[in-house]
Amino acid sequence: MSVKFAVQPSVSLVDAEARAEILANPAFGRVFTDHMVCASWTAADGWHDARLTGYAPVSIDPASVVLHYGQTVFEGLKAYRQPGGGVSLFRPERNAARMAASCHRLALPEFPEDAFVEACELLVIQDQAWVPGGEGASLYLRPFVWATEVGLGVRPSESALFQLIASPSGNYFSGPLRPVSLWLSQEYVRAAPGGTGAAKCGGNYAASLVAQQEAIENGCDQVVFLDAVEHRWLEELGGMNIFLVLDDGTLVTPEVSGTILEGITRDSIITLARELGHAVEERKVDVDEWRKGAVDGHVVEAFACGTAAVITPIGALRWPGGEAVAGTGEPGTVTMKLREALMDVQYGRTPDTHGWMHKVV
Ligand SMILES: *Cc1c(COP(=O)(O)O)cnc(C)c1O
């Protein structure tokens with residue numbers, strides 16, 4: 001059964017002057033647009049009451065399942081201003097499919113993939129004035145599904161809400177592009193075999209925060225996790241995938257094994273890198289390959305990737321009592337070339353030969 005959206009635009013919009021001020025310096029995820037999209041689900045009626053309305057708080061019963069048992073998933077994708085003034089989404093159908101998979105893992109109802117894309121289109125059309133122009137700027141879309149049933153029994157919620165909100169965004173890490181330093185977590189893991197590591201669920205982030213705090217306390221920007229079993233294989237950052245560049249130009253990235261989140265940026269980079277003549281290996285990556293390789297010149301660059309920050313160069317990798325820096329520690333040439341190639345597609349500066357761009361307006 002297809003989901004039909006009612007469109008009920010808000011009558012009180014942020015005025016153009018205030019919006020222009022926000023768009024001039026949008027930061028990340030702090031200000032939201034005039035509208036949102038919602039759809040309700042119950043076990044009895046399926047998805048219903050889908051609507052675009054003014055952005056507004058939701059009132060929530062303190063006994064809602066999501067507050068106690070964390071039954072919730074989310075997505076993140078961006079709308080990019082195109083040359084000539086149009087707006088396009090980047091690979092939204094991949095986010096739609098991934099959210100359905102995440103819902104499945106969290107025993108939430110799957111939001112239909114075509115309805116997901118339609119919801120994104122509706123919000124971008126309605127709030128197109130909120131899509132910033134300028135280098136590195138975009139409108140970040142945040143779809144999510146959460147368990148609304150009231151009651152403390154531990155079982156899948158029999159009701160849920162899909163919501164979509166949007167936030168104008170500048171560069172994720174503020175200021176000029178600088179390499180991030182990583183803290184190699186000794187004590188904590190992000191995901192274990194059979195767990196929820198491959199799902200984009202709130203709980204994964206909750207579980208990573210104390211390790212992220214530890215990274216900051218140790219003077220690093222981000223935490224990097226190893227596998228839960230041998231504590232030896234690279235997995236990913238709290239919210240980004242990771243690549244190493246070897247001295248012969250080969251890219252290596254941890255293989256998709258059920259404990260990393262399969263990033264759409266990761267997938268796009270693999271495609272672009274191969275087209276640019278790089279070999280790409282998806283395999284297990286021993287953290288010592290990085291530690292030793294940074295010293296003997298085998299590993300020349302490292303970078304992290306995800307929708308929010310695109311491609312971020314990695315400078316130092318640190319652990320208690322040690323540090324490794326691949327290459328010069330400055331953004332590497334392969335890293336920057338791939339970043340440019342991906343952003344050229346997203347901002348419509350180069351032909352979209354993969355059908356990745358989804359034109360909205
Ligand atoms: C969202 C996310 C990523 C990046 O995925 P993209 O589709 O590239 O944005 C990587 N790791 C984790 C844990 C994530 O939640």
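The shown structure was predicted, so the numbers you read here are calculated from the model rather than taken from an experiment. Atoms within each ligand, like the ligands themselves, are counted from 1 in listed order.
- In summary, the atoms of ligand 1 found under 4.0 Å from a heavy atom of G238, numbered by their order in the structure, are 13 (C).
- Taking a cut-off of under 4.0 Å to the non-hydrogen atoms of N241, the atoms of ligand 1 that pass are 10 (C).
- Heavy-atom contacts from other residues, nucleotides or ligands closer than 6.0 Å to NE2 of H231 number more than 12.
- Scanning the protein for heavy atoms near atom 8 (O) of ligand 1, the closest one is T265 OG1, 2.6 Å.
- Here the options are E301, E340, E330, the test is side-chain hydrogen bond (donor to acceptor under 3.5 Å, both in side chains), and the partner is T335; only E301 passes.
- For F74, no nitrogen or oxygen atom sits less than 3.5 Å from a nitrogen or oxygen atom of ligand 1, counting backbone and side chain alike.
- Ionic pairing of D352 and K359 is not present here: no N-O contact between side-chain nitrogen and carboxylate oxygen is shorter than 4.0 angstrom.
- Ligand-side atoms of ligand 1 in range of R98: 5 (O), 6 (P), 7 (O), range being under 4.0 angstrom from any heavy atom.
- Distances below 4.0 Å separate heavy atoms of G263 from the following atoms of ligand 1: 5 (O), 6 (P), 7 (O), 8 (O).
- Of all protein heavy atoms, the one closest to atom 14 (C) of ligand 1 is K200 NZ, 3.0 Å.
- A donor-acceptor pair is defined here as one N or O able to donate and one able to accept, closer than 3.5 Å; such a pair exists between the side chain of Y69 and the backbone of L152.
- Closest to atom 3 (C) of ligand 1 among all protein heavy atoms lies G239 O, 3.4 Å.
- Looking at T307 next to ligand 1, an N or O pair under 3.5 Å apart turns up.
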Check the pair R98 / E262 against salt bridge (Lys or Arg N to Asp or Glu O under 4.0 Å), numbers first and verdict last. CA-CA 9 Å; R98 190 170 66 187; E262 197 174 346; over 6 Å; no
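- A heavy-atom separation below 4.0 Å is found between R190 and ligand 1.
- Neither Y140 nor F144 shares a network with the other; the hydrophobic side chains, linked directly or stepwise wherever heavy atoms of I, L, V, M, F, W or Y lie under 4.5 Å apart, form separate groups for each.
- The shortest heavy-atom contact between G348 and P83 is O-CG, 3.5 Å.
- Within the 4.0 Å heavy-atom cutoff, G76 does not count among the residues contacting ligand 1.
- Within the listing of ligand 1, atoms 10 (C), 11 (N), 12 (C), 13 (C) sit less than 4.0 angstrom from a heavy atom of E236.
- The distance from atom CZ of F90 to atom NE2 of H358, rounded to the nearest 0.5 Å, is 13.5 Å.
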